[in-house]
Every structure is written in C-alpha cells, then in structure tokens.
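In what follows, chains carry the letters A, B, and so on, assigned in the order in which the sequence lines appear, proteins first and then strands, with residues in each chain numbered from 1. What's counted below: heavy atoms across the whole structure, side chains too, no hydrogens, waters or symmetry copies.
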Amino acid sequence: MDEPVSTPETTWADALRRERAGDASGYEVFLREYSAVLRRVVRRHLAIAGLASSDTEDVIQEVLIAIHSRRDQWDSSRPLLPWLAAIGRYKIIDALRRRNTELRLRSHLTDAQWLALFQDECTPPSEDAAQIERMVSDLPPTEQTVIRKMGMEGLSPRQTAHTTGMKEGTVRVAFHRGLARLLKRTQNGENR
Amino acid sequence: MIHQPTDGLIQRLAREAGGQPRPYRSLLPRLMLATGAALALAIIVVIASFGIRADFISHATSSVYSFKLLATACAAFAGLILVRAAGTPGISMRWLMMALPVVVLIAGMVWIDDAVSVVGARSISVPVCLAAIVLAALPGLILLLIALRNATPTRPALAGSVAGLLAGSLGALAYTLSCVNDGALFVTVWYSLAVVIVSALGAVVGRRALTW
C-alpha cells in the first residue's frame, strides 16, 4: 500500500481539517511547526526593514492570531499553503508598516515635548499620583483606556487589544497619541 | 530556544480547537448576491436621476446598444472574477479576464459606425456620463466592500480597486438605459474613464476599510 508522502501541505491541511472536528493536539503541532517557519521569515523581514529583531515574536503572534481567527474561511478543498502564505504575507507587511509608522509618530514630538520628558522627573513625587490620574481622566475615551491598560496596568499592546477588542494597531497609535497629549498638557500646566 | 510568549499563545489557541465561529462559506454566492443588488441599485439611481432615454424601446435592438451592453457586462463579469480572487487568500489575480471587455471595446470601435463624435451628442454629454456612472456605482461599491470585509482580503487597496471596477461596470451597465451617445469611441473613452474613477475610489477606501 502506498503511504502518501507527508509534506507540510498534506500534514498541515490534515491538522486543520481535524481541528474543525475538535482535535486540539494536531492543531497545536501545526501552530508550532508553522510558527517555526514564520520565525525565519519574520526575522529576515525585520532585518531588511531595519527594525529590532526583538519584535519577532510579536509579529509571529499577530500572524498566528490572524490564521486562527480566519481558519473557518479556508476552503478545505483548496491547497492550504497558498492560503497561509497570502495571510502571512499580509500580516507581516502590515506589522512592519505599523512599526514604521510608530517610529514616525514617536518622533513627532516637538523639541519642547522632548524636553518635558526630562523635566517631568523634577515634579515632587507626592503630587504625582493624583495629578496623573487627573490628567489621564481628561483624555479622550480610547486614549484613556489604552493609557490605563498599557501605561498603568503594564499590559502589552497585544493584551490590551485583546481585552478591549480594538485592533492592535489602533492600540499602539492611541497609546502614542495619548502620551503626546499628556506631555503637551504637562507643559501647559507648567507654563501657567 | 524557548519562545515563551508565543508558546503560551499557541497553547491558548489550540484549546479553542473545534470552536469555529461559523462553518466555511464560499465567497462567490455572497458576491453574486451583492452584485445583483448593486446592479439593481445602479438602475434605480440612473432612472431616478437621469431617466430612461425616450426612444429606448427602438434603441434596444440597435447594434450600438448591444455593444454597450456586451462591453459593460463583460467588464462586470471580469470584475466579479477578480473580486472573488481578491477576497480569497491564495487565489491568483486573473488579470487576463480584463482582455474580455477590452476586446469587445476594440471590436466595437472597428465595426460600429459612430453616430456621435468622441465628445458625445450634447455639450454636457461627457460630464453627465461620468457623473451618472460614478453615482450609480457608489451604492454598489459600498455593498461589495461590505461583502469583501466579511471575506479575507490580503491586499486591501487592490481588493478595493477591483470592487470599484465591478461596481463601476455595473454603474455603466445601468447607465446604458439613459445614454444617448451612440458611439463606440465615446463609450470606450468615457465609460472606461468613469470605471477607472470608481476603481481608484475603491482603492482609496479599500486601503482603510478592508484591513483586518
């Protein structure tokens, strides 16, 4: 009897078909093997884009979550690898583009705002908590939520996105806008 | 090497095995439904804002009308195939489909005796034609973008542009009811430009609206 040759296409497609019937262990093996492939691809892309390789796992997770959340849309009568490749490519490019935008946003602070970053350390610590709370609660709702989750509770952008149901890109952008706004307010407060 | 955070995520995702949000549904039937609705809306817009040409009944059997109908229908068909490809990861874009309307347009310019010049029958023919097709295409464009949002587009701007191509073609198809410019050259130049405008609009909107 001919044993079918096991390639990523056949084994992964099989794992995904069985996942639909509730086979968690096969699905886990697929996710592990696929993330190993992704790790190589993402490292290379980050290096080419001149971004820190420390973002690798973040990007891999974004791709895995994308595949996971859309796995119902794979037509199991069609090849799996092209489907994975198209989504992986989209999510990796998206992640890289977002990180580049973020870099730009970060450098959108004015000279005065940069200066305020250091002056902040001069505020007496006793006033800090109340003052920060007051300033944060003045922020627009989205920025406020994100600043609270990320800046005060210490969640990662991914976790924040997960708990608030926002897109991770939105979370990152809102975080930086919120920070910029806080800095601006700090300054205005000191000028008064 | 241990990748702690990713490992945790994998275990969490694996625990959700079998919990598909919904069973697999093919995109094509939904797209065809959206296309039908888009055409109906385009016809309503054309009739409501531009009216059907007075001699439509006798005009409908002319070769120019058949040409307009065939060219716009071919473009819409090609658009439908392309939208489906753009909404399904792993299907390559079948750009060759675009040869279909192009061949019809060229054949029309070769064989049809134009009754009007390239600027049309009236001085306002060109702006009316462009405005009518773009307006008629807009509701359909929205429907198609919604259909694509529920699919898995992996090139948002491209997906938006082919949705615009399809919506624009349907708008042009509807506008044949009203159009009094009986010339293949007029149709080739201005209908095409209108479809390109809708396609560009689709790309701009799709770039933002079709990300996920």
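Residue contact with chain B, scored on non-hydrogen atoms closer than 4.5 Å, involves the backbone of A:Asp23 exclusively. Neither the backbone nor the side chain of A:Arg158 has a heavy atom closer than 4.5 Å to any heavy atom of chain B. Interface remark: A:Leu64 contributes backbone and side-chain atoms alike to the contact with chain B (heavy atom separation under 4.5 Å).
Annotation for B:Arg25: atom CZ does not count as buried by contact number, only 12 or fewer foreign heavy atoms lying within 6.0 Å. Counting heavy-atom neighbours within 6.0 Å of B:Leu96 CG, excluding the residue itself, gives a total of 12 or less. Other residues, nucleotides and ligands contribute at most 12 non-hydrogen atoms within 6.0 Å of the CH2 atom of B:Trp190. Within a 6.0 Å sphere centred on CZ of B:Phe77, heavy atoms belonging to other residues, nucleotides or ligands number 12 at most.
Looking at A:Arg20, its side chain never comes within 3.5 Å of a backbone N or O of B:Tyr24 through a donor-acceptor pair.
Taken to the nearest 0.5 Å, the CD1 atom of B:Ile91 stands 4.0 Å off from the CZ atom of A:Arg78. Distance check: B:Arg12 CZ to A:Ile65 CD1 gives 6.5 Å after rounding to the nearest 0.5 Å. The distance from the CZ atom of A:Phe30 to the CG atom of B:Leu13 is 10.5 Å, given to the nearest 0.5 Å. B:Thr152 OG1 to A:Ile67 CD1: the interatomic distance, rounded to the nearest 0.5 Å, is 9.5 Å.
With salt bridges taken as basic N to acidic carboxylate O contacts below 4.0 Å, one links B:Asp7 and A:Arg32.
Of all heavy-atom pairs spanning A:Glu28 and B:Ala14, the tightest one is CB-CB, 3.6 Å. Taking both residues in full, the closest heavy atoms of B:Glu16 and A:Glu19 are given as O-OE2, 4.1 Å, listed atom of the first, atom of the second, then distance. For the pair B:Ala17 and A:Tyr27, the tightest heavy-atom approach, listed with the atom from each and the gap, is CB-CD2, 4.2 Å.
Residues from residues 200-212 of chain B that place a non-hydrogen atom less than 4.5 Å from a non-hydrogen atom of chain A comprise B:Leu210, B:Thr211, B:Trp212, given in numerical order.
Taking 4.5 Å as the limit, some side-chain heavy atom of A:Ser35 sits within range of a side-chain heavy atom of B:Ile10. The side-chain heavy atoms of B:Pro156 and A:Tyr90, taken from C-beta on, include a pair separated by under 4.5 Å. Using a 4.5 Å heavy-atom threshold, the side chains of B:Leu9 and A:Glu57 count as separate.
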- Worked check of side chain to side chain contact (heavy atoms under 4.5 Å, CB included) between A:Arg89 and B:Arg155: CA-CA 10 Å; A:Arg89 177 194 148 280; B:Arg155 293 167 196 254; 3.4 Å; yes
- side chain to side chain contact (heavy atoms under 4.5 Å, CB included) assessment of A:Arg39 paired with B:Thr6: CA-CA 11 Å; A:Arg39 197 161 285 122; B:Thr6 306; 4.0 Å; yes
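When each of A:Ala21, A:Ala85, A:Ala66 is checked for heavy-atom pairs under 4.5 Å with chain B, A:Ala66 comes out on top.
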